[in-house]
K.L.:
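Sending over a structure as structure tokens; questions will come in a sec.
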Amino acid sequence: MENQKFYSEFLMVEHCTREHPFAMTYNHSHKESEIYLLLEGSGELFLNSAVYPLNAGSLVLIDKDQVHKTNMMKCNHHERILIEFDTSYFESAISGASGISLQKFFNGFFGVIQLDDEMFPLIKQLLLAINKEVATKSFKHHSMLVLLMTQFVILTMRYVEQNPCAYTCPSKKEATHRITTEAIAYIKQNLQNELSLDSISHEVFVNKSYLCRIFKATTGLSVHDYINNERIKIAKSLLATSDDSIETISGKCGYSNKSYFERVFKKHMEISPYKYRKHLKLSQDTARRINHNDNFYKM
């Protein structure tokens, strides 16, 4: 396996080649948005509650906190480039240069886009250029990253506008996928309420043991872990956007016991809810200072 991973202050880029079948061991989500381009090979992507085929030229846009997992187990060779970043760090600069909100871009354009023979090399070249900037950190590399990201967003939006059928449709759903999808929909509608295997299995008309088995096979998570993942996503949002107390947030996320909520949150995030909120505020203050400095030097 050949793997290159580089970090800047706000962004991680990884260029990876594997000469063997590979599958992520579990579904996951993160606070960063993600750009994924499959350069060679084929496989599939689990995103939210659907499974999408991946081929060379598949451009994947994943919004923050979206549950996803790649599976390349039927492919002996694949190459891909992946970029993860917090959109808030680039939001002001890209919006000022193009009038486009990066956060709204990922909110509205997430999914799998199949690039044609003309667009594929252009996007590949852009992402490799981002990889080089992060690796070398040359003079004004942050400004160059903003320019490259702005170009990527505009080219992608143009391509989708001109090729509305470019989005890859989910694979045909088998019965197990249909049941899992229905279970996920029910869970998401009732996250603030008490949820049990009995109520979920009753909703999708299967027994508990069968539901547990197919849910884990489809998503990579147990029903219990999936519920906690979704509730923690809500908690993270409330910690970031509200002044609610930890106990109030716990209740809004479906936890009747504040101490249990804190244990679950720390298990998922490796930090307590209180420290997460404090760290988030410090990060936001840092981003504002950086944007202020960037604007100062443009004057």
Side-chain angles (χ1 to χ4, degrees), residues 11-14 23-24 26-72 75 78-87 90-91 94 98 100-124 126-127 130 149-174 177-178 180-182 184-185 187-188 218-221 226 229-230 233 237:
L11 181 148
M12 183 280 288
V13 58
E14 182 181 38
M24 297 179 71
Y26 57 89
N27 286 10
H28 70 288
S29 63
H30 37 70
K31 66 182 181 64
E32 298 85 9
S33 295
E34 182 174 320
I35 300 169
Y36 176 111
L37 179 64
L38 186 60
L39 304 177
E40 297 177 2
S42 61
E44 62 182 16
L45 167 77
F46 178 87
L47 178 61
N48 289 340
S49 58
V51 179
Y52 298 83
L54 297 177
N55 297 289
S58 290
L59 173 65
V60 182
L61 303 177
I62 301 174
D63 200 7
K64 61 181 180 179
D65 293 327
Q66 288 187 320
V67 177
H68 58 284
K69 171 186 175 183
T70 53
N71 181 355
M72 319 298 283
C75 181
H78 77 273
E79 179 183 0
R80 58 100 169 118
I81 186 165
L82 179 152
I83 299 173
E84 291 181 1
F85 59 98
D86 188 336
T87 57
F90 292 97
E91 182 69 23
I94 291 180
S98 66
I100 297 170
S101 166
L102 192 59
Q103 293 179 359
K104 290 183 179 179
F105 169 74
F106 276 93
N107 291 160
F109 284 80
F110 71 85
V112 181
I113 303 167
Q114 188 61 43
L115 303 177
D116 61 22
D117 292 340
E118 180 180 353
M119 185 58 66
F120 182 19
L122 292 177
I123 295 298
K124 176 181 176 181
L126 268 177
L127 299 189
I130 291 173
M149 287 295 296
T150 303
Q151 189 176 358
F152 168 80
V153 170
I154 292 173
L155 282 177
T156 302
M157 293 178 72
R158 282 182 179 177
Y159 182 75
V160 170
E161 182 180 355
Q162 295 166 5
N163 302 273
C165 295
Y167 276 98
T168 301
C169 295
S171 303
K172 184 178 179 181
K173 294 177 182 176
E174 302 172 354
H177 284 120
R178 177 186 58 79
T180 302
T181 300
E182 291 176 359
I184 287 173
I187 289 169
K188 287 186 173 182
T218 304
T219 68
L221 294 172
Y226 183 86
N229 276 1
E230 293 300 303
K233 283 161 60 176
S237 176

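The structure presented is a predicted model; accordingly, all values stated were derived computationally and were not measured.
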K.L.:
For F85, check ring-ring contact (aromatic ring centres under 6.0 Å, His included) against everything at least two apart and list the hits.
P.N.:
F90, F106
K.L.:
In Å, rounded to the nearest 0.5 Å, how long is the span from CG of L102 to CD1 of I94?
P.N.:
4.5 Å
K.L.:
Sequence neighbours excluded, which residues qualify as side chain to side chain contact (heavy atoms under 4.5 Å, CB included) partners of S237?
P.N.:
T241
K.L.:
My understanding is that only residues two or more places apart in sequence, or in another chain, count here; which of them pass ring-ring contact (aromatic ring centres under 6.0 Å, His included) with F105?
P.N.:
F109
K.L.:
Going by the side chain to side chain donor-acceptor pair (under 3.5 Å) test, which pairs reach into residues 151-162, not counting sequence neighbours?
P.N.:
none
K.L.:
Quick one: closest heavy-atom pair of M119 and L155, and the distance?
P.N.:
CE-O, 4.2 Å
K.L.:
Residues in salt bridge (Lys or Arg N to Asp or Glu O under 4.0 Å) with E44, at least two apart?
P.N.:
none
K.L.:
On a heavy-atom basis, which atom in C169 and which in P53 lie closest, and how many Å separate them?
P.N.:
O-CD, 3.6 Å
K.L.:
Checking E79 now: which residues fulfil salt bridge (Lys or Arg N to Asp or Glu O under 4.0 Å) with it, not counting sequence neighbours?
P.N.:
none
K.L.:
If I compare all heavy atoms of E84 with all of H30, which pair ends up nearest, and what's the gap?
P.N.:
OE2-NE2, 3.4 Å
K.L.:
Please name the pair of heavy atoms, one in D86 and one in K31, separated by the smallest distance, quoted to 0.1 Å.
P.N.:
OD2-NZ, 4.1 Å
K.L.:
Could you list all the side chain to side chain donor-acceptor pair (under 3.5 Å) pairs where at least one residue sits in residues 100-122, not counting sequence neighbours?
P.N.:
S58-Q114, D63-N107, E91-S101
K.L.:
Less than 4.5 Å apart, side chain to side chain, heavy atoms only: is that true for M149 and I35?
P.N.:
yes
K.L.:
Taking all non-hydrogen atoms of both residues, which atom of L39 and which atom of A56 are closest, and how far apart?
P.N.:
O-CB, 3.5 Å
K.L.:
Can you name the closest pair of heavy atoms from F120 and L38 and give their distance?
P.N.:
CZ-O, 3.9 Å
K.L.:
K64: what forms a side chain to side chain contact (heavy atoms under 4.5 Å, CB included) with it, not counting sequence neighbours?
P.N.:
S33
K.L.:
When rounded to the nearest 0.5 angstrom, what is the spacing between CD in E34 and NE2 in H68?
P.N.:
4.0 Å
K.L.:
I need the T168 OG1 to L59 CG distance, nearest 0.5 Å.
P.N.:
10.0 Å
K.L.:
What residues form a side chain to side chain contact (heavy atoms under 4.5 Å, CB included) with P121, not counting sequence neighbours?
P.N.:
none
K.L.:
Who passes side chain to side chain contact (heavy atoms under 4.5 Å, CB included) against A185, sequence neighbours left out?
P.N.:
none
K.L.:
To the nearest 0.5 Å, what is the distance between CG on L47 and CD1 on I62?
P.N.:
6.0 Å
